[in-house]
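A, B, ... follow the sequence lines: proteins, then strands. Residue 1 opens every chain.
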Protein chains: 2
Amino acid sequence: MVARYERIADELRDDILTGVHPVGSQLPTEAELAARYLAARGTVRQAIAMLVTEGLVGSRQGARRIVLGRARSQSFAELHSFAQWARANGYRYGGQVITQRRRAASSVEVARLGTDEVLDVLRLRTLEGEPVLLERTVYASWVAAAVEELAPDCESVTEALYDSIGLVFAYGEHLIDAVSAGARDARLLGVRRGSPLLRQRRITTTHEGRPVEWSDDRYRAGSVVFSIRNSIDANPLVRQAGDLRFGA
Amino acid sequence: MVARYERIADELRDDILTGVHPVGSQLPTEAELAARYLAARGTVRQAIAMLVTEGLVGSRQGARRIVLGRARSQSFAELHSFAQWARANGYRYGGQVITQRRRAASSVEVARLGTDEVLDVLRLRTLEGEPVLLERTVYASWVAAAVEELAPDCESVTEALYDSIGLVFAYGEHLIDAVSAGARDARLLGVRRGSPLLRQRRITTTHEGRPVEWSDDRYRAGSVVFSIRNSIDANPLVRQAGDLRFGA
DNA sequence: TAGTGGTCTAGACCACATG
DNA sequence: ATGTGGTCTAGACCACTAG
């Protein structure tokens with residue numbers, strides 16, 4: 001069942017992407033849209049709210065809404081899963097487990113994941129044949145068995161875990177910064193030691209807020225860029241001083 | 001005038017931060033909250049929606065809401081303005097214009113900013129006495145005069161422009177990646193050539209969607225981290241392949 | 001001053017989660 | 001089966017923008 005406001009949002013988004021409402025132009029008023037779609041004003045507002053959070057449309061009390069841009073954002077799955085992202089964008093991709101072992105959790109990991117034992121996995125992922133990403137992931141013990149069952153060249157861990165144990169990754173927190181490549185990073189990614197890497201550390205939880213994994217992902221410089229839209233009303237991005245809340 | 005839903009959101013947020021609703025616990029139902037605050041259910045939902053976009057609370061049809069975390073996010077101003085961010089976090093900060101000149105816009109800049117002439121400014125910013133950020137900002141011609149009037153050591157360009165010409169920065173798009181320090185970067189930031197820098201490129205517009213500035217900001221590695229919370233329902237962050245939509 | 005978006009209400013029905 | 005959040009309506013009033 002697709003909600004009415006979603007269909008309205010889809011139509012409006014289409015109208016923006018196809019130039020019916022060009023960038024910089026005004027959107028029709030809520031009253032007009034409500035009449036056009038035979039919906040209550042609240043429903044139209046809900047549709048527009050989607051476009052606002054996507055950054056396509058700007059909003060401001062008393063003034064007509066303005067079309068800000070045409071770029072669409074990705075789904076959570078596309079950000080979370082390298083495979084789903086690569087596939088959605090038409091890239092050739094691959095992956096390989098380099099090392100994988102169970103070990104006792106450090107005190108930080110106990111606090112972060114809530115389990116005494118963890119599964120520690122190092123994966124190298126490729127894009128268009130080139131190594132671009134080194135993933136160091138630590139899984140909570142309650143998913144360890146399911147992860148160990150996966151093939152070493154499993155393309156999408158996210159999808160495999162959903163299929164095998166119904167696991168849904170629902171929430172994430174991400175820390176993004178730059179680091180220099182260590183000896184091992186450099187060797188596996190095929191870059192010089194000390195060269196810049198884009199690092200994304202993240203913790204992912206279930207719908208219940210139960211932590212599933214903690215990961216340190218390092219991208220070769222130039223291979224990917226993170227993009228965010230924000231506004232005076234909605235600001236998902238935060239800048240922090242670099243003493244690194246999550247520890248080293 | 002503070003909206004009712006904002007006050008409700010503030011109280012709920014307080015209850016989360018102070019542990020009345022600990023992380024991992026369930027939030028009261030909408031009906032309970034509506035009764036407690038003598039508000040309609042829709043108003044309570046609006047309050048909770050704020051907490052959800054802040055990443056404090058998780059939401060899912062049919063199940064009670066869960067408290068996910070206690071970290072608060074920053075305002076747009078705090079992300080946009082180095083000075084406002086540093087001040088809000090209690091850091092000592094400073095800044096200095098290194099070079100500033102008007103020049104003809106490149107074709108990319110014409111497309112991006114919509115003006116034939118631009119003002120090109122290079123600023124070095126310090127945190128706790130250390131140089132941490134090198135800002136290369138290109139302003140549209142219609143703000144150039146106001147920028148040129150500012151003192152070279154102006155602490156907050158954002159606030160100064162609001163005071164002088166009532167300019168409000170309302171929307172931003174940000175691209176984040178890692179680059180290695182060039183000779184000039186290295187000298188000004190006090191790092192070795194080739195060492196990693198965290199780069200944030202951004203374009204900022206007014207409420208009307210009119211582009212004001214385009215900036216390439218480079219942080220010394222370790223000085224700042226960007227943080228984002230997302231969920232299966234709301235995903236502000238996007239990963240892109242590194243062919244750099246904004247050009248070099 | 002007129003128009004537009006922002007807030008709020010009260011109530012209805014549906015979809016989903018959980019026991 | 002029950003409870004909970006998700007959707008939708010219809011209407012009212014307020015705050016702000018713009019001519």
Side-chain angles (χ1 to χ4, degrees), chain A residues 1-12 21 24-53 56-68 162 166-168 170-171 206-210 231-234, chain B residues 1-12 21 25-53 56-68 166-168 170-171 206-210 231-234:
Chain A
M1 188 54 188
V2 178
R4 194 154 172 66
Y5 75 87
E6 285 191 78
R7 275 180 286 135
I8 296 175
D10 288 343
E11 288 202 33
L12 286 174
H21 301 306
S25 70
Q26 293 186 334
L27 224 52
T29 67
E30 295 178 357
E32 282 177 287
L33 292 170
R36 177 186 313 172
Y37 293 112
L38 299 174
R41 191 179 152 219
T43 307
V44 169
R45 283 179 62 78
Q46 210 170 349
I48 295 174
M50 289 190 74
L51 306 183
V52 171
T53 57
L56 295 180
V57 167
S59 208
R60 188 178 162 221
Q61 191 174 58
R64 288 282 282 277
R65 271 181 262 253
I66 305 252
V67 177
L68 291 175
Y162 178 75
L167 179 63
V168 175
Y171 303 105
T206 65
H207 273 301
E208 293 77 27
R210 192 179 189 197
S231 78
I232 210 164
D233 299 316
Chain B
M1 188 54 189
V2 178
R4 192 149 172 68
Y5 76 88
E6 285 193 79
R7 274 180 286 135
I8 296 175
D10 289 342
E11 289 200 32
L12 286 173
H21 302 308
S25 69
Q26 294 186 333
L27 224 55
T29 67
E30 296 178 356
E32 282 177 286
L33 292 170
R36 178 186 311 172
Y37 294 113
L38 298 175
R41 190 177 153 221
T43 307
V44 169
R45 284 178 63 77
Q46 210 169 348
I48 295 173
M50 289 190 72
L51 305 183
V52 170
T53 58
L56 296 179
V57 167
S59 207
R60 184 181 166 221
Q61 191 173 60
R64 289 281 286 274
R65 270 180 265 250
I66 303 249
V67 178
L68 291 175
L167 178 63
V168 174
Y171 304 104
T206 64
H207 274 300
E208 292 78 25
R210 191 180 190 195
S231 79
I232 210 164
D233 299 316

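- Where A/Leu38 and B/Ala31 each meet DNA chain D at their nearest nucleotide, the meeting point lying more 5' is that of B/Ala31.
- For B/Arg64 and C/dT18, the CZ to C1' distance is 12 Å, given to the nearest whole Å.
- The distance from atom CZ of B/Arg60 to atom OG of B/Ser231, rounded to the nearest 0.5 Å, is 12.5 Å.
- Here the C1' atom of nucleotide C/dA15 and the CD atom of B/Gln61 are 4 Å apart, to the nearest Å.
- Residue-level contact check: B/Arg45 touches the bases, meaning some heavy atom is under 4.0 Å from a base atom.
- Contact check, A/Arg4 against C/dC14: no side-chain N or O comes under 4.0 Å of OP1 or OP2.
- Rounded to the nearest 0.5 Å, atoms CD (B/Glu208) and CG (A/Leu68) are 10.0 Å apart.
- The distance from atom OH of A/Tyr37 to atom CZ of A/Arg4, rounded to the nearest 0.5 Å, is 10.5 Å.
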Q. Which dot-bracket string fits DNA chain D when only Watson-Crick or G-U wobble pairs with both atom distances under 3.5 Å count, crossing pairs get [ ], and | stands for a partner on a different strand?
A. ||||||||||||||||||.
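- Backbone-only engagement by A/Ala39 is indicated by non-hydrogen atom pairs under 4.0 Å involving sugar-phosphate atoms exclusively.
- On the nucleic acid side, DNA chain D contacts chain A at distances under 4.0 Å to non-hydrogen atoms, with the end points of that region at D/dT7 to D/dA18.
- A/Arg41 comes within 4.0 angstrom of a nucleotide base, judged by non-hydrogen atoms across all strands.
- If you measure from atom CG of A/Leu51 to atom P of C/dG5, you get 13 Å, rounded to the nearest angstrom.
- The distance from atom CD of B/Gln46 to atom C1' of C/dG5 is 12 Å, rounded to the nearest whole Å.
- Nearest-nucleotide assignment on DNA chain D puts the 5′-proximal partner with B/Glu30, out of A/Gly62 and B/Glu30.
- For B/Arg64 (side chain) and B/Leu27 (main-chain N/O), a donor-acceptor pair under 3.5 Å exists by modelled atom type.
- For the residue pair B/Val44 and B/Ala39, the shortest heavy atom distance occurs at CG2-CB, 4.5 Å.
- Put simply, OG1 on B/Thr43 and CG on B/Leu33 are 12.0 Å apart, with the number rounded to the nearest 0.5 Å.
- The shortest non-hydrogen separation linking A/His207 to B/Ile232 is CE1-CG2, 4.0 Å.
- Atom CG of B/Asp10 sits about 7.0 Å away from atom CE of B/Met50, to the nearest 0.5 Å.
- Separating the CG atom in A/Leu12 from the CZ atom in A/Arg36 is a distance of 7.5 Å, to the nearest 0.5 Å.
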